[in-house]
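Beneath this line is the structure, given in structure tokens, with notes to follow.
These figures come from a predicted structure and were not determined experimentally.
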Amino acid sequence: MRIRQATAADIDTLSALLDQLFSIEQDFTPDRGKQRVGLEELLAAPDAYPVVAEDEGRVVGMATLQVLISTAEGGRCGLIEDLVVSESYRGRGIGRALMDHLIRWADKKGLTRLQLLADRDNQPALAFYKKQGWSTTRLIALRK
Ligand SMILES: CC(C)(COP(=O)(O)OP(=O)(O)OC[C@H]1O[C@@H](n2cnc3c(N)ncnc32)[C@H](O)[C@@H]1OP(=O)(O)O)[C@@H](O)C(=O)NCCC(=O)NCCS
């Protein structure tokens, strides 16, 4: 298994993986067309780093990181999104490998904080993040 930067050739597979993720998260609805456009934009964005986990040539997981500027941090921080491992490949260390890869990339880029959002009812993901040392904050998410 290896982690590498996503390319345009991965878009169909990644759209299908995002279907799995957005079927779990109550705030989102899977939509292959929107997922494809979003992925194309991420691939073209200079401050975004979308990665895939590949097992014997097959893409089995993904995650993305986007750089933000934080006045609280006085510099650049990172937003991690789109973490998903194909159902039959879960529990083999792939999710952790994706996160570790993004954390190393963020360190190299000098990002001083990483943040992410998770569905409050997604207990498996919350247990996963807790095990990786992520902590919850007093902030809540709002949208308009
Ligand atoms: C969350 C997810 C990415 C984890 O990926 P994974 O490849 O299955 O996780 P890993 O095998 O790398 O697990 C890493 C560690 O987390 C733990 N962990 C993983 N899933 C867990 C669960 N459901 N409950 C408790 N611990 C869990 C593992 O036991 C492992 O612990 P270890 O470090 O002691 O060995 C994966 O379950 C997934 O794709 N879920 C659906 C999409 C999703 O919810 N994404 C998160 C959106 S916020």
Supply the atom-to-atom distance I24 CD1 to E87 CD, rounded to the nearest 0.5 angstrom. 7.5 Å

Tell me the closest heavy-atom pair linking Q20 and S86, and the distance in Å. OE1-CA, 3.7 Å

First locate atom CG of L39, then atom CG of L18, and finally report the distance between them rounded to the nearest 0.5 Å. 5.5 Å

Quick check on R120: does its CZ atom have over 12 non-hydrogen neighbours (other residues, nucleotides or ligands) under 6.0 Å away? no

Can you find a pair of side-chain heavy atoms, one from I11 and one from L43, that are under 4.5 Å apart? yes

Taking side chain as C-beta onward, heavy atoms only, is Q66 less than 4.5 Å from L42? yes

May I ask you to test the Y49-K109 pair for a side-chain heavy-atom distance under 4.5 Å? no

ILVMFWY network linking L83 to L14, side-chain heavy atoms under 4.5 angstrom: no

Validation row: I80, Y129 side chains within 4.5 angstrom (heavy atoms): no

To the nearest 0.5 angstrom, please state how far the CZ atom of F22 sits from the NZ atom of K34. 10.5 Å

Hydrophobic cluster identity match, F128 and L126, side-chain contacts under 4.5 Å: no

Which other residues belong to the hydrophobic cluster containing I140, where Ile, Leu, Val, Met, Phe, Trp and Tyr are joined when side-chain heavy atoms lie under 4.5 Å apart, directly or via other members? L142

Residue list, salt bridge (charged side-chain N to carboxylate O under 4.0 Å, His left out) with R32, at least two apart or on another chain: D19

What is the distance from atom CG of L17 to atom CG of D12, rounded to the nearest 0.5 Å? 11.5 Å

Could you tell me whether the side chain of D82 and the main chain of T64 form a donor-acceptor pair under 3.5 Å? no

What are the two closest non-hydrogen atoms of L98 and G61, and how far apart are they? CD1-C, 4.0 Å

If you define the side chain from C-beta out and look only at heavy atoms, does anything of V84 sit under 4.5 Å from M62? yes

Close side-chain approach of R4 to D10, heavy-atom, < 4.5 Å: yes

Which atom of M1 lies closest to which atom of A53, heavy atoms considered: SD-CB, 4.0 Å

The side-chain contact (heavy atoms from CB on, under 4.5 Å) partner of R96 among Q132, H101, K131 is Q132

CG of L114 to CE of M99: how many Å apart, nearest 0.5 Å? 7.5 Å

So does V85 get a backbone contact from the side chain of R90, meaning a donor-acceptor N/O pair under 3.5 Å? yes

ILVMFWY clustering at 4.5 Å (side-chain atoms), partners of L117: none

Atom CZ of residue position R58 - does it have more than 12 heavy atoms of other residues, nucleotides or ligands inside 6.0 Å? no

Scan V60, V52, V59 and name whichever one has a side-chain contact (heavy atoms from CB on, under 4.5 Å) with T13. V59

Do side-chain atoms of Q35 reach the backbone of D31 as a donor and acceptor pair under 3.5 angstrom? yes

Closest approach of A63 and L102, non-hydrogen atoms and distance? CB-CD1, 3.7 Å

Nearest heavy-atom contact between L79 and L116 is CD1-CA, 4.3 Å

Kindly give the heavy-atom pair with the smallest separation between C77 and Q115, and that separation in Å. SG-OE1, 3.9 Å

Nearest 0.5 angstrom please: W105 CH2 to L111 CG, how far? 6.0 Å

